[in-house]
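The block underneath contains the structure these notes are about, expressed in structure tokens.
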Amino acid sequence: MVCQAVSTVVKMLCSTMVFLAQCCIGLLTRIPISTLKFSNSTQNVSWQAYYSQFNSLKKEENEKYSIRCTQLYTLSLANSMGDSPFWQCYNLDFRGRVYPVAPHFNQMLGDPARGMLMFHEGAPLGKDGLRWLKIHLVNKFGGMGKATFEEKVEFADNHLDQIMESADKMCPDNGWWSNSTEDPWQCLAACIEVAAALRSRDPSRYVTCLPVQVDGSCNGLQHYAALGRDKPGAVKVSVSPADRPGDVYSAVMEIVVSLQEADCEAGNATALKLKNKIQRKTIKQTVMTQVYGVTHYGAREQIRGKLKDQGLKEDEALECASYLSKLTFQAVGKLFTQAQQIKEWLNNTAYKIASLEKPVQWSTPLGLPCVQPYTKDKHYRTRTPLQSLNLNSPSPDMPVNRRKQKTAFPPNFIHSQDSTHMLMTAIQCFHSGIPFAAVHDSFWTLPCHVNEMNKILREQFVLMYSFDVLKQLKESLEATYPDLQLSSLPSGGKL
């Protein structure tokens, strides 16, 4: 377990919580039954369309109700803690990934919870702290993903009046911060801190507890680029130095749009429905999770939700999402051929191991043993006075699930790599006296320590990949499974 002292920013955002509660209450809406149009036709298709719309609205209402309850519970926990410090304790899963033990109030929850969290012990901003606060604010406001740090600071300076007003009024109805396309509540917390620093006598001596976040750029592809020494891919995901941050999502979107436009010229009806509707955010989640093994069904559901937010009807969104998910997979395959080859090698390796009726196991660079726990379900039949129930439950004494062992190995191996990098960074930050928290590939520290943490996380990433990780994995698997005949590793690049 790892403990990190953090405390809530209740004293600064108490009035904001009231607005948040009001917003959450507003999320609860009832299905406007009277607005649904019944068809006078007796054809089954009309009733099917009505009930499809009815069920869709009912599902949306239930989801909003669940969000409202979750947010109000989080607010009640924050209010009960007040200004008192508390500690987050963490567990490791079988891949070494770190998760908080407390489920209802931690930094891995959504934007409102993160916006209320601060380190308990702060530090003066120092020379570069205010600059990093502004960069953090702009990151949370959104819309500047491809901008350089200097451009983000300039954006913040050009909107200081709106930032000050947001800090003073906090009203979500007409506040500048509420226009955030990323994380509005974290944006508001940053507005409050920037305003307080600028109004102090000396901003460099202003003591802040607000964490600044440094996020990986499509972290899964970053690890694939390092594994395969893929130089072109490394530039796209900001592993290699560049004049401005790489934007892999925009690069994938450009390929997707070109494929869609070609289909439009060929008269594809689905492609025509998507004309001028494909945005970066539409395919972002699918690109991010594709290297972690997301299926076509999962990708379709991700994109369908984004298309519905853009105003497409349920049936159109489903059709277009199915089409767009295929184009997104094609685009990622074109951009990251090295990653696809490594992923295929990992898949084939896992299937060969599972064919020996053994689970896939490996060790992380820190020596943590990882074993995939996927076995076939054990079937039970339970009789009650009313009925008989057939129950399925995974059991360690059952044979391994070959399909699950195969499909899960690439994402689990990458997850074990990114968790190793996070733990190596956390250890070095601890030795350097730097406060540290993380959400997988998003590293948090105080503004005055960002430069030093950036140096540490890059050094640890280079250290982790200073040797051939795939070669070491292959040798380890061959030693663990003597009867295993593995294929040759994909040829690497020159990164």
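The model shown is predicted, which means the values in this text are computed figures rather than measured ones. Reckoned from all heavy atoms, side chains included, excluding hydrogens, waters and symmetry mates.
When atom types are taken as modelled, the side chain of Lys343 and the backbone of Pro410 share no donor-acceptor pair closer than 3.5 angstrom. Remark: side-chain polar atoms of Arg114 are paired, donor with acceptor, to backbone N or O of Gln107 under 3.5 angstrom. A donor-acceptor pair under 3.5 Å is absent between the side-chain atoms of Ser66 and the main chain of Glu63, judged by distance alone. Of the possible polar contacts, one joining the Ser419 side chain to the Ser416 backbone as a donor-acceptor pair under 3.5 Å is found. Side-chain atoms of Thr407 come within 3.5 Å of backbone N or O of Arg403 as a donor-acceptor pair. Formation of a donor-acceptor pair under 3.5 Å by the Asp183 side chain with backbone atoms of Trp185 is not found in this model. Side-chain atoms of Gln405 come within 3.5 Å of backbone N or O of Val360 as a donor-acceptor pair. Although no hydrogens or angles enter the test, the distance criterion places no donor-acceptor pair under 3.5 Å between the side chain of Gln341 and the main chain of Gln338. Looking only at distances, a side-chain donor or acceptor of Ser325 sits under 3.5 Å from a matching main-chain atom of Ser322. Of the possible donor and acceptor atoms, one in the side chain of Gln88 sits under 3.5 Å from a partner among the backbone N and O of Phe105.
For Phe94 and His415, the gap between ring centers reaches or exceeds 6.0 Å. Two rings, from Tyr99 and His440, have their centers less than 6.0 Å apart. In this structure, His223 has its ring center closer than 6.0 angstrom to the ring center of Tyr465.
At a threshold of 4.5 Å between non-hydrogen side-chain atoms, the residues Met453 and Val214 count as touching. Side chains of Gln340 and Val332 form a contact here, defined as non-hydrogen atoms less than 4.5 Å apart. By the 4.5 Å heavy-atom criterion applied to side chains, Met422 and Asp441 are not counted as neighbours. At a threshold of 4.5 Å between non-hydrogen side-chain atoms, the residues Phe443 and Phe436 count as touching. A heavy-atom distance below 4.5 Å is not found between the side chains of Gln372 and Gln361. Side-chain contact between Lys406 and Leu346: absent, with no pair of heavy atoms (C-beta onward) separated by less than 4.5 Å. Side-chain contact between Lys352 and Thr349: absent, with no pair of heavy atoms (C-beta onward) separated by less than 4.5 Å.
For the atom pair Thr480 OG1 and Leu473 CG, the distance stands at 9.5 Å (nearest 0.5 Å). Atom-to-atom distance recorded for Lys306:NZ and Ile303:CD1 is 10.5 Å, nearest 0.5 angstrom. Taking CH2 of Trp345 as the start and OG of Ser487 as the end, the distance is 7.0 Å to the nearest 0.5 Å. The structure places OH of Tyr323 at 7.0 Å from CG of Leu259, a figure rounded to the nearest 0.5 Å. Annotation: the span from Ile278 atom CD1 to Thr328 atom OG1 amounts to 8.0 Å, rounded to 0.5 Å. The structure places CG of Leu274 at 11.5 Å from CD of Glu261, a figure rounded to the nearest 0.5 Å.
Salt bridge Lys140/Asp111: absent, no basic N to carboxylate O contact under 4.0 Å. Ion pairing of Arg402 with Glu357 is present here, as a side-chain N (NZ or NE/NH1/NH2) and a carboxylate O approach within less than 4.0 Å. At a threshold of 4.0 Å, the pair Lys64-Glu61 does not count as salt-bridged, since none of the basic side-chain nitrogens sits closer than that to a carboxylate oxygen.
Side-chain contact annotation: Tyr374 with Asn412, donor-acceptor N/O pair under 3.5 Å present. Side-chain atoms of Asn401 and Thr375 form no donor-acceptor pair, as typed in the model, at a separation below 3.5 Å. Thr289 and Gln302 are linked by a side-chain donor-acceptor pair at a separation below 3.5 angstrom, with hydrogens and angles left out of the test. Under the 3.5 Å distance criterion, with hydrogens and angles disregarded, a donor-acceptor pair is assigned to the side chains of Glu319 and Thr270. In this structure, a donor-acceptor pair under 3.5 Å is absent between the side chains of Gln260 and Asp263. With hydrogens and angles left out, the side-chain atoms of Gln213 and Gln186 include a donor and acceptor closer than 3.5 Å.
Relative ring orientation between Phe461 and His421 is described as perpendicular, the plane-to-plane angle rising above 60° on a 0-90° scale split at 30° and 60°.
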Report task. Begin from the C-alpha positions of Asn219 and Gln222 and carry the test side chain to side chain donor-acceptor pair (under 3.5 Å) through to its verdict. Result -> CA-CA 5 Å; Asn219 189 242; Gln222 287 182 324; 3.1 Å; yes

Query raised in the report: Taking it one step at a time, do Glu60 and Tyr65 satisfy side-chain contact (heavy atoms from CB on, under 4.5 Å)?
Result: CA-CA 9 Å; Glu60 183 179 353; Tyr65 181 79; over 6 Å; no

Query raised in the report: Given the rule in the side-chain contact (heavy atoms from CB on, under 4.5 Å) test, do Asn139 and Lys152 qualify, once you have shown the distances and angles that lead to the verdict?
Result: CA-CA 8 Å; Asn139 287 339; Lys152 291 178 180 180; 2.7 Å; yes

Query raised in the report: Can Asp230 and Tyr224 be said to form a side-chain contact (heavy atoms from CB on, under 4.5 Å), step by step?
Result: CA-CA 8 Å; Asp230 182 6; Tyr224 270 118; over 6 Å; no

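Annotation: Glu344, atom CD; neighbour count of heavy atoms from other residues, nucleotides and ligands within 6.0 Å does not exceed 12.
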